[in-house]
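To start, I am sharing the structure in question, which I have written as structure tokens.
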Protein chains: 2
Amino acid sequence: MSIPIPTIKRFPSYLRILNQAKDAGKKYISATNLAEELGLNPIQVRKDISSTGIEGKPKIGFDIEELIHYITHVLGWDNTTDALIVGAGNLGSAIARYDGFASYGLKIVAIFDKSTEKIGTSVGSFTVKSMESLNRFIMENRISIAVITVPAIQAQAVCDLLVKCGIRGIWNFAPKDLKVPESVVVQRTDLATSFAVLSVKLSKKLAESDDLDSDEDMI
Amino acid sequence: MSIPIPTIKRFPSYLRILNQAKDAGKKYISATNLAEELGLNPIQVRKDISSTGIEGKPKIGFDIEELIHYITHVLGWDNTTDALIVGAGNLGSAIARYDGFASYGLKIVAIFDKSTEKIGTSVGSFTVKSMESLNRFIMENRISIAVITVPAIQAQAVCDLLVKCGIRGIWNFAPKDLKVPESVVVQRTDLATSFAVLSVKLSKKLAESDDLDSDEDMI
DNA sequence: ATCAAATCGATAAAATTTTACCCGTATCTT
DNA sequence: AAGATACGGGTAAAATTTTATCGATTTGAT
């Protein structure tokens, strides 16, 4: 019944390819095709798709529209959710200006910062609001998702405040593991984590090619 | 011998806590302690640490300095690697201005863009360079890592160019699954993927608390 | 109309990752 | 000095995720 997290993580990539294929005028796509496009195992793609309950046709593949519809629904991206950003630094500003969230069903509606120098200035189409106005804003606009882009040292305090204001989902870009009550969901997006994987894979790869080099020398 | 990817992904978090503890003047830390700090299972922490070969002392824990040293080494963060950014948009600029990469052993040394309007302008402490100068720059400075922050539609072309120039590791922020030769490593950092997980967990959580609410109504 | 090729779906095997369990050891308390 | 406690380490079990296998189905070609 519940869909594995790794599958959830692949869904956005599927969506990208599917939308691309749809735009290209295609009506069906096979798991094999999707897999090639993403560098995945076709069997895995079929399994992922099967978790949505959608059925395909042998020799044809899956109905693209149907896949898009169901995956979007499973991700909850078919309804737009309003969110706010706390932290108008480099990253927060970049996120505020990014216009690609619409396709994730996410709509940034405000950005907050505690610095008096930033309050009132504009970031993209927003005017930076004060932390004092945060509580009221969340209540009045029934916001349930917040994006944290403050420095690590302030992250927990901001998080606590957000939770107190009733925020239920936190997308955390600060390099800090936040503690929240059981009723709140935190998802961390950490550059360090991502880069760690790149670092290790790269060293391994470089070591491999060094090995090859020395092998070749021996010929 | 080879360390599991999930372990690698947890290492940066360990490092953060360890450095924090070190700064607080502590000399030892237990797996239990680390686990609490990060919301992990202590057994898992011990297992992760055991993959570095470091041994702890019962009732005391692990030597913090030693842990920091080994984890940093495993991640290859003990030597600084130069990297460049391609794409001086919002995200590229934010990354160029971010000064936290030093602790990952990563040093951004230049930023490139194809837009004639951006070339020559400054982003943080850098001056945006032209794509024409990319090849020469990579050669002369022996760059092996590149960060891609161009729009999805240009990502593959930029990637191909980088590979041709000899780049071996690509940190891809574009929402696109890049195809590269076997000798090149790509790591994608995708906002959509991260947000997908948040979306699904949040809907589940909200559904749960709805259930609770209705349960309570029945009392 | 028959056969080959492509693909799906279900089940099971393999691989990976997480968690449990038990024992030994160092420290602290009384 | 004895015993309780906190913790590490090793082995094994459990859970999760990925991959393989095989039969069934649809299409297109001969």
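Below, all heavy atoms of this structure are taken into account, side chains as well, without hydrogens, waters or symmetry copies. Here is the naming used below: chain letters follow the sequence lines, and residue numbers restart at 1 for every chain.
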Please give, in whole Å, the distance from C:dG9 P to A:I49 CD1?
8 Å
Got a donor-acceptor contact below 3.5 angstrom from the A:S93 side chain to the A:A88 backbone?
yes
Considering only side-chain heavy atoms of B:I60, which listed nucleotide, D:dG9, C:dT27, C:dT19, is closest?
C:dT27
Going by number, which of residues 6-17 of chain B have a non-hydrogen atom under 4.0 Å from DNA chain C?
B:P6, B:R10
Between B:I54 (CD1) and D:dC7 (P), how many Å, whole number?
18 Å
Do B:D177 and A:E37 have side-chain heavy atoms sitting under 4.5 Å apart?
no
On DNA chain D, check which nucleotide each of B:F62 and A:K47 is closest to and give me the residue with the more 5' one.
B:F62
Give me the one residue out of B:K22, B:K57, B:K27, B:K26 that meets salt bridge (Lys or Arg N to Asp or Glu O under 4.0 Å) with B:D63.
B:K27
Side chain of B:I43: nearest nucleotide among D:dA12, D:dT26, C:dA20?
C:dA20
Does B:N141 reach the main-chain N or O of B:I143 with its side chain, forming a donor-acceptor pair under 3.5 Å?
no
Looking at the base of D:dT25, is there any donor atom on it, or on the side chain of A:K59, that sits under 3.5 Å from an acceptor on the other one?
no
Counting only non-hydrogen atoms, which of residues 20-39 of chain B are less than 4.0 Å from DNA chain C?
none
From CG of B:D48 across to C1' of D:dG9 the rounded distance in Å is 15 Å
Starting from P on D:dT26, measure out to NZ on A:K57 and report it in whole angstrom.
9 Å
Are any of A:R46's side-chain N or O atoms less than 4.0 Å away from OP1 or OP2 of C:dG9?
no
Does A:K205 NZ have over 12 foreign heavy atoms under 6.0 Å away?
yes
Given B:F195, which of A:F11, A:W171, A:Y98 fulfils the ring pair (Phe, Tyr, Trp, His ring centres under 6.0 Å) condition?
A:W171
With a cut-off of 6.0 Å (strictly less than), are more than 12 heavy atoms of other residues, nucleotides or ligands near OH of A:Y70?
no
If we only count heavy atoms from C-beta on, is the A:S199 to B:Y104 side-chain gap below 4.5 Å?
no
Tell me if the centroids of the rings in B:F137 and B:F112 come within less than 6.0 Å of each other.
yes
To the nearest angstrom, how far is A:I5 atom CD1 from D:dA15 atom C1'?
15 Å
Ignoring the backbone of A:N41, work out which of C:dC8, D:dA20, C:dG24 is nearest its side chain.
D:dA20
